[in-house]
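To keep things clear, I will list the structure first and then write my remarks on it.
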Amino acid sequence: MDFKLTEEHIMIRDAARDFAKQELLPGVIERDEKQEFPKELIKKMGELGFLGMMASPEYGGGGMDTISYVLAMEELSKIDASASVMVSVNNSLVCWGLDTFGNEEQKKKYLSKLTTGEKLGAFCLSEPEAGSDATSQRTTAIDKGDHYILNGTKNWITNGSSADYYLVIAQTDKEKKHKGINAFIVEKDFEGFEIGPKEQKLGIRGSDTHSLNFNDVKVPKENRIGEDGFGFKFAMKTLSGGRIGIAAQALGIAAGAYELAKDYSKQRKAFGTEICNHQAIAFKLADMHTQIEAARHLVMKAAWDKDQGENYDLSGAMAKLHASKTAMDVTVEAVQVHGGNGYVKEYHVERLMRDAKITQIYEGTSEIQKIVISRSILKD
Ligand code: COS
């Protein structure tokens, strides 16, 4: 066993850390308040290679391993989880999905633009009545020979209005249940595609989340991903990797809040000494650090499994379950360590606490992760 990072990993982690401090930290409070994220920042992330880290170099990707990706995700998430969710969706769901299951034409036409930040992607599975119960897709894709006609609504879509290309899951043949589901690439300007209102959210407020409507949207057959009926497997396989990215995001939120709390405790004085000298605070920091280290090991193990070609459904689900709980626990404690200052925006920890909650919900709730974990351990 070797717990050491390679020099290349350290370089990537440090580059992400510098970018987050220099480019994401200024304005992070205002972006959260206004619920916006400037296009130029997305472009910059693309130019620096953060949007297509693991994708094949022949399509403009960085060709990096999953360890590099989670290291970058952790660093970006310490500062701005709204930026990191855009990075995560574009990398693990959209680029990875297309790189792994798309055909040559789809990769040339779409992937090569998504890896560089020229275009941004979104992943559209959830519906008003199909969140956790993902097989119950109501959006339909009727086969019309050389094209499909899409009708329906998708909900809570990250990058909802800022994306250019949307991977959309829809039901082609209801009789066949999940085996009758397909995945499609939909372009923003396809006729009948409509972006619904922006959600007003508790956290990750900089990232734009929308519902989407499909009204007789004509999608060419060449935009279907994989064989007919492959859509549900496509979604499940893609989400398995996505969960590692979200676990890394949760880890970063926790680590960011912990670092702020530790620094604060060394400066703030009460009862004649820095508050870190009080066991009440020191023990909180000890618990936070231990939980974060455990989460980091689970995240790294899941990333390593993926890089080694091992099955990562179980390790990814465990990483997400534990890291997202850690993000909640640690951010709540970080606010407590900051006392009254923790409750105001300029100290950042209240935002991290609000951002943490979504990691227990999206890309499979904690309860869904427990389904995946329990099924996996009980099948042997
Ligand atoms: N990789 C490949 N295939 C998978 C898979 C995975 N990780 N997980 C499930 N499948 C396949 C199964 O093998 C099965 O195919 P076969 O019938 O050919 O064997 C098919 O998918 C259906 O699986 P299953 O019967 O287990 O479906 P369930 O309805 O019981 O649901 C869960 C399984 C709960 C795990 C799934 O619905 C899920 O992950 N839901 C959460 C979705 C989600 O993350 N939503 C958030 C949206 S993104 S913000």
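The structure presented is a predicted model; accordingly, all values stated were derived computationally and were not measured. Note that ligands are numbered from 1 as they come in the structure, with each ligand's atoms numbered from 1 the same way.
- For atom 25 (O) of ligand 1, the nearest protein heavy atom lies 4.0 Å or farther away.
- Note on Glu191 versus Lys218: no salt bridge recorded, every NZ/NE/NH1/NH2 to OD/OE distance being 4.0 Å or above.
- More than 12 heavy atoms of other residues, nucleotides or ligands lie within 6.0 Å of NZ in Lys198, so this atom counts as buried by the packing criterion.
- Across Gln369, Lys237, Glu363, Glu367, heavy-atom proximity to atom 2 (C) of ligand 1 is greatest for Lys237.
- Not a single N or O atom of Ile371, backbone or side chain, sits closer than 3.5 Å to an N or O atom of ligand 1.
- Between the choices Phe234, Phe232, Phe123, Trp156, the shortest heavy-atom distance to atom 23 (O) of ligand 1 belongs to Phe232.
- Comment: Lys154 engages Glu127 in a salt bridge, judged by a side-chain N to carboxylate O separation of less than 4.0 angstrom.
- Heavy-atom contacts of Leu239 reach the following atoms of ligand 1: 43 (C), 44 (O), 48 (S) (cutoff under 4.0 Å).
- Of the protein's non-hydrogen atoms, Ser132 O, 3.3 Å is the one closest to atom 41 (C) of ligand 1.
- The pair Lys78-Glu75 meets the salt-bridge criterion, with a side-chain N (NZ, NE, NH1 or NH2) lying under 4.0 Å from an Asp/Glu carboxylate O.
- Within the hydrophobic cluster formed by Ile, Leu, Val, Met, Phe, Trp and Tyr side chains joined at under 4.5 Å, directly or through other members, Val217 is accompanied by Tyr148, Leu150, Ile157, Tyr166, Val168, Phe184, Val186, Phe190, Phe193, Ile195, Leu212, Phe214, Val219.
- Polar contact with ligand 1: absent for Ser126 (N/O pair, distance under 3.5 Å).
- The distance from ligand 1 to the heavy atoms of Thr135 drops below 4.0 Å at these ligand atoms: 29 (O).
- Among all protein heavy atoms, the one lying closest to atom 46 (C) of ligand 1 is Gly364 N, 3.6 Å.
- Ligand 1 places these atoms under 4.0 Å from at least one heavy atom of Ser240: 7 (N).
- Between Lys43 and Glu47, at least one side-chain N (NZ, or NE/NH1/NH2) sits under 4.0 Å from a carboxylate O, which counts as a salt bridge.
- By heavy-atom distance, the residue among Met236, Arg243, Lys177 lying nearest atom 43 (C) of ligand 1 is Arg243.
- Looking at Lys44 and Glu23, a side-chain N of the basic residue comes within less than 4.0 Å of a carboxylate O on the acidic one, giving a salt bridge.
- Considering backbone and side-chain atoms together, His178 places an N or O closer than 3.5 Å to an N or O of ligand 1.
- Of the protein's heavy atoms, Val372 CG2, 4.0 Å lies nearest to atom 35 (C) of ligand 1.
- Among all protein heavy atoms, the one lying closest to atom 34 (C) of ligand 1 is Ile368 CD1, 3.8 Å.
- Of the charged side-chain nitrogens involved, at least one lies within less than 4.0 Å of a carboxylate oxygen, so that Lys284 and Glu333 count as a salt-bridged pair.
- With atom 45 (N) of ligand 1 as the reference point, the heavy atom nearest to it among Gly242, Ala134, Gly229, Gly131 is part of Gly131.
- Annotation for Gln200 and Gln35: closest pair OE1-NE2, 2.8 Å, computed over non-hydrogen atoms.
- For atom 12 (C) of ligand 1, the nearest protein heavy atom (residue, atom name, distance) is Lys233 CE, 4.3 Å.
- Listed by number with element, the atoms of ligand 1 under 4.0 Å from a non-hydrogen atom of Arg375 are 24 (P), 26 (O), 30 (O), 33 (C).
- No hydrogens or angles considered: nothing links the side chains of Tyr362 and Thr158 as a donor-acceptor pair under 3.5 Å.
- Remark: Arg13 CZ is packed, more than 12 non-hydrogen atoms of other residues, nucleotides or ligands lying under 6.0 Å away.
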